[in-house]
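Every chain is numbered from 1, with letters handed out A, B, ... down the list of sequences.
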Amino acid sequence: MSVTELDSLDTLVSLAKSRAFIYQSSEIYGGLGAVYDYGPLGTELKRNIRDFWWKEMTQRHDNIVGLDSAIFMHPKVWEASGHLDGFNDPMIDDKQSNKRYRADMLIENHIAKLRSDGKAEKADELQERLDTAGSREGVCEDLYQIIIDEEIRAPESGAFEWTEVRQFNLMFKTQFGATSSGRDDDDAVYLRPETAQGIFVNFKNVMDTARQQVPFGIAQIGKAFRNEVVARQFVFRMREFEQMEMQYFVEPGTDEESYDHWLKKRLDWHKRLGIRESKLRTHPHPEDKLAHYAEQAADIQYEYPIGWQEVEGVHNRTDFDLSQHMEHSGKKLEYYDQQKQEKYVPYVIETSIGLDRTVMMVLCDAYREEEVDGDTRTVLKMNPQLAPTKVGVFPLIKKDKLQDLAHKITDDLREDYNVLYDESGSIGKRYRRQDEAGTPFCITVDFDGVESEGEDTVTIRYRDDMTQDRVPVSRLKEVIDEKMKSWKPE
RNA sequence: GCGGGAGUAGCUCAGCGGUAGAGCAUCUCGUUGCCAACGAGAAGGUCGCCGGUUCGACUCCGGUCUCCCGCUCCA
């Protein structure tokens with residue numbers, strides 16, 4: 001049998017829509033860029049993945065507790081975290097080389113060059129203009145004017161073909177207070193660009209009230225927002241997305257060991273999620289590419305149709321965040337070790353995974369097209385635990401006797417699983433419909449099962465290999481649970 | 001952001017200067033005896049949006065939005 005895997009994102013986008021997994025946001029208005037909505041099946045899938053993570057990261061550990069912090073936070077949080085400085089730059093593009101530069105840096109370099117050429121007076125004058133940029137028109141307009149007036153050329157191409165200067169605000173800004181004018185920066189609050197900061201600012205609260213001793217972790221799942229420069233590739237890079245993060249607080253000196261431990265543990269989680277090992281790898285960041293807060297960092301990557309991409313990041317954030325918040329808030333965020341009788345600011349190992357990217361990974365990894373008797377079967381062979389619908393229940397044909405039992409089975413199983421009753425179309429069509437939705441089990445009620453002696457029996461058909469077993473109705477749950485547990489990716 | 005491609009039914013797409021089509025999907029009725037393949041019928045589109053040319057625009061032109069590919073960027 002020939003089997004084809006997912007080769008293009010387009011195919012997945014079509015399937016995701018037609019099978020009610022994922023829709024583009026505000027589609028009837030032409031769509032909103034890089035924002036997506038989850039449909040009925042997508043919502044279930046996402047919830048199952050979210051639960052799978054939450055169970056692993058909290059329930060399975062005595063020393064990891066949950067948190068649900070607000071999306072709005074005090075603006076000073078972002079000063080302390082470095083997000084405000086780091087991601088608010090005026091940028092300009094060289095149209096010839098398509099290179100992008102920081103407009104203020106171009107001018108600074110130009111000033112430095114003037115000085116080294118002995119043109120100190122001219123340099124001072126420009127420095128003055130640079131320092132007061134924003135006082136004439138906007139910052140962008142003023143910087144642009146300087147670049148044009150001075151005929152500053154692109155460092156690499158030597159071209160003088162600039163776009164306008166644009167401010168890149170990677171954080172979404174909004175106003176706090178219903179009567180805000182919208183122009184007063186004092187009212188500005190930001191939509192959090194990462195959930196991590198909610199954990200750091202609650203570190204003291206949790207330590208004081210949740211009876212945790214270092215080492216311990218705080219886990220959180222929530223939305224984050226980033227004004228991506230280039231937001232593309234379906235739900236891989238969205239402006240509004242959901243993170244699942246755990247910050248693990250350790251004694252300095254034990255951080256490297258803990259980092260290795262969590263990296264390994266997280267990779268293992270992806271395998272248990274049902275992702276094929278050959279499609280997963282870890283990818284350490286070279287030192288010169290580390291984020292401003294990190295000492296060690298690695299991606300856990302999946303081989304999407306668009307190539308190897310980061311699903312999760314594991315970072316050693318050191319004591320950067322807690323120290324920053326200590327300095328900016330003036331509050332002590334230290335831990336006192338009773339045994340050793342010493343105080344320290346804990347180091348933090350972060351595991352941060354994108355939920356939407358995980359949904360996309362699960363869909364990509366599960367997708368198969370198989371040739372069956374000259375026909376193509378599209379099937380999502382995902383971990384049954386993640387499947388939006390667990391069981392389809394069908395009467396073989398529309399006869400009271402079969403329908404009655406099928407309804408009864410549906411009601412019985414509903415207590416434990418997401419069940420779908422379907423009697424429309426041929427039986428084969430109903431199986432294939434469920435294959436595309438990833439439903440792992442289909443139960444069919446037939447005459448052989450209800451007309452024979454003894455307890456009623458039904459057939460249960462398995463999504464992955466299309467084989468069937470005949471089982472008594474009373475054993476259905478047992479069989480489903482057993483198959484669900486023993487499932488392995490192909 | 002730059003360059004290229006695309007936008008017509010839920011999905012995949014055809015079409016043409018004269019007021020819209022197919023396959024699949026959906027719904028109803030019939031049929032049905034285990035893998036999308038039967039019969040009859042129905043519903044569904046201001047052809048992405050705005051403007052221009054024209055007697056007339058889904059079709060030509062301009063703008064705009066969205067998506068895809070490449071480059072660039074990225075916490």
Side-chain angles (χ1 to χ4, degrees), chain A residues 8-11 13-20 23-36 39 78 81-83 86-87 89 91-102 161-166 168 170-171 192-197 224-234 237 243 285 289-294 297 306 310 313 315 317 350 352 354 370 372-379 394-399 402 423-436 442-449 451 458-463 465-468 470:
Chain A
S8 129
L9 223 44
D10 290 348
T11 311
V13 173
S14 298
L15 180 82
K17 178 167 184 194
S18 62
R19 295 265 69 122
Y23 312 124
Q24 196 188 0
S25 164
S26 315
E27 200 181 270
I28 61 169
Y29 287 102
L32 184 63
V35 183
Y36 290 87
W78 308 113
S81 70
H83 286 85
F87 303 103
D89 302 324
M91 305 295 284
I92 189 166
D93 291 355
D94 170 20
K95 287 184 195 167
Q96 190 171 311
S97 66
N98 280 331
K99 295 265 184 215
R100 175 170 296 152
Y101 302 95
R102 270 180 62 174
E161 296 175 42
W162 296 110
T163 61
E164 290 170 25
V165 174
R166 289 165 309 232
F168 278 70
L170 270 356
M171 282 199 290
R192 65 182 176 198
E194 62 175 18
T195 54
Q197 297 304 325
F225 305 83
R226 296 178 191 177
N227 244 328
E228 298 287 351
V229 178
V230 179
R232 232 181 263 176
Q233 286 158 334
F234 200 36
R237 181 167 283 116
Q243 291 185 309
H285 289 195
K289 294 204 92 175
L290 293 177
H292 63 274
Y293 51 72
I306 51 175
E310 173 185 3
H315 291 131
R317 293 184 77 132
E350 166 186 271
S352 174
E370 298 176 348
V372 180
D373 299 332
D375 195 27
T376 303
R377 176 173 92 118
T378 302
V379 55
F394 317 139
L396 183 60
I397 55 170
K398 292 183 206 170
K399 296 284 185 199
L402 304 184
E423 59 176 32
S424 88
S426 72
I427 191 69
K429 184 175 276 195
R430 282 177 267 166
Y431 286 148
R432 299 298 178 83
R433 260 202 288 256
Q434 293 312 307
D435 287 341
E436 275 194 21
C442 288
I443 292 166
T444 299
V445 181
D446 61 2
F447 288 110
D448 291 349
E451 286 177 342
V458 295
T459 59
I460 180 163
R461 178 259 196 193
Y462 307 111
R463 176 197 65 198
D465 58 10
M466 297 186 285
T467 59
Q468 291 178 295
R470 179 166 289 281

| Taking A:D435 as the fixed residue, which of A:R463, A:R19, A:R461 is the one that meets the salt bridge (Lys or Arg N to Asp or Glu O under 4.0 Å) rule? |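 Among the candidates, only A:R461 passes.
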What integer number of Å spans the [atom1] atoms of [N] and [M]?
| N | M | atom1 | answer |
| --- | --- | --- | --- |
| B:U8 | B:G21 | C1' | 10 Å |
| B:A20 | B:C65 | P | 30 Å |
| B:G39 | B:U32 | C1' | 12 Å |
| B:C61 | B:A22 | C1' | 30 Å |
| B:C11 | B:A25 | C1' | 7 Å |
| B:C55 | B:A40 | P | 47 Å |
| B:G10 | B:A43 | C1' | 12 Å |
| B:G70 | B:U28 | C1' | 49 Å |

Give every pair of a protein N or O atom and an N or O atom of nucleotides 27-29 of chain B that lie under 3.5 Å apart, one pair per line with the distance.
none

| task | Between A:L9 and A:T376, name the one whose nearest nucleotide on RNA chain B is closer to the 5' end. | result |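 Checking each residue's closest nucleotide, the 5'-ward one belongs to A:T376.
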| field | Pairwise 5' ranking along RNA chain B for A:V35 and A:S18, keeping only the more 5' one | value |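 Its nearest nucleotide being more 5', the pick is A:S18.
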Looking at the base of [N], is there any donor atom on it, or on the side chain of [X], that sits under 3.5 Å from an acceptor on the other one?
| X | N | answer |
| --- | --- | --- |
| A:Q197 | B:A75 | no |
| A:D10 | B:C68 | no |
| A:R430 | B:C35 | no |

Tell me: [atom1] of [X] to [atom2] of [N], nearest whole Å?
| X | N | atom1 | atom2 | result |
| --- | --- | --- | --- | --- |
| A:E423 | B:U31 | CD | P | 13 Å |
| A:D375 | B:C24 | CG | C1' | 12 Å |
| A:D435 | B:C34 | CG | P | 18 Å |
| A:I306 | B:C68 | CD1 | P | 10 Å |
| A:E27 | B:G45 | CD | C1' | 14 Å |
| A:H315 | B:A75 | NE2 | P | 10 Å |
| A:I397 | B:C34 | CD1 | P | 10 Å |
| A:E370 | B:C35 | CD | P | 16 Å |

| With A:R192 via side-chain hydrogen bond (donor to acceptor under 3.5 Å, both in side chains) - residues at least two apart | A:S69
Could you check which of [options] has an atom nearest any side-chain atom of [X]?
| X | options | answer |
| --- | --- | --- |
| A:S14 | B:C35, B:C11, B:A36 | B:C11 |
| A:Q24 | B:C69, B:A36, B:U66 | B:U66 |
| A:K17 | B:C35, B:A36, B:C11 | B:C11 |
| A:K429 | B:A75, B:C11, B:A25 | B:A25 |
| A:F447 | B:C34, B:G33, B:A75 | B:G33 |
| A:Q468 | B:C34, B:G10, B:C69 | B:C34 |
| A:R226 | B:A75, B:C11, B:U32 | B:A75 |
| A:Y36 | B:C67, B:C74, B:A36 | B:C67 |
| A:R461 | B:C35, B:A36, B:U66 | B:C35 |

| field | Plane angle bin for A:Y431 and A:F394 - parallel if under 30°, tilted between 30 and 60°, otherwise perpendicular | value |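 The rings of A:F394 and A:Y431 sit tilted, inter-plane angle from 30° to 60°.
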| field | Side-chain heavy-atom pair A:M466, A:V379 within 4.5 angstrom cut-off | value | no
| said: Does A:R317 form a side-chain hydrogen bond (donor to acceptor under 3.5 Å, both in side chains) with A:S352? I'd like the steps, not just the answer. | reply: CA-CA 12 Å; A:R317 293 184 77 132; A:S352 174; over 6 Å; no
| said: Let's go through A:R237 and A:R226 carefully: what are the C-alpha distance in whole Å and the side-chain angles of both, what is the deciding distance for side chain to side chain contact (heavy atoms under 4.5 Å, CB included) to 0.1 Å, and is it a yes or a no? | reply: CA-CA 9 Å; A:R237 181 167 283 116; A:R226 296 178 191 177; over 6 Å; no
Looking across every strand, which nucleic acid part, if any, lies under 4.0 Å from [X] by heavy atom: base, sugar-phosphate, or nothing?
| X | result |
| --- | --- |
| A:S352 | nothing |
| A:Y462 | nothing |
| A:E436 | base |
| A:T459 | base |

| said: Looking only at the side chains, is there a donor atom on one of A:T467 and A:D465 sitting less than 3.5 Å from an acceptor on the other? | reply: yes
| said: Determine whether a donor-acceptor pair (N or O, by modelled atom type, separation under 3.5 Å) exists between the side chain of A:Q243 and the backbone of A:T195. | reply: yes
Looking at every heavy atom in both [X] and [Y], which two are closest together, and how far apart are they?
| X | Y | answer |
| --- | --- | --- |
| A:V372 | A:R377 | CG2-CB, 3.9 Å |
| A:T378 | A:E436 | O-CG, 3.4 Å |
| A:R430 | A:P395 | NH1-O, 2.8 Å |

| Pairing of A:E451 and A:K399 as salt bridge, 4.0 angstrom limit |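 No, A:E451 and A:K399 are not salt-bridged.
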| request: Verify the contact: side-chain N or O of A:S426 to OP1 or OP2 of B:C38, cut-off strictly under 4.0 Å; return yes or no. | output: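 Checking B:C38 against A:S426, no side-chain N or O comes under 4.0 Å of OP1 or OP2.
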| message | Take N1-N3 plus N6-O4 or O6-N4 for Watson-Crick, N1-O2 plus O6-N3 for G-U, both under 3.5 Å. Which runs of 3 or more such pairs involve RNA chain B? | response |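 Counting only runs of 3 or more consecutive pairs, the stems involving RNA chain B are B:1-7 with B:65-71, B:10-13 with B:21-24, B:26-30 with B:38-42, B:48-52 with B:60-64.
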| message | Tell me which one of A:I397, A:T444, A:D446 satisfies side-chain contact (heavy atoms from CB on, under 4.5 Å) with A:I427. | response | A:T444
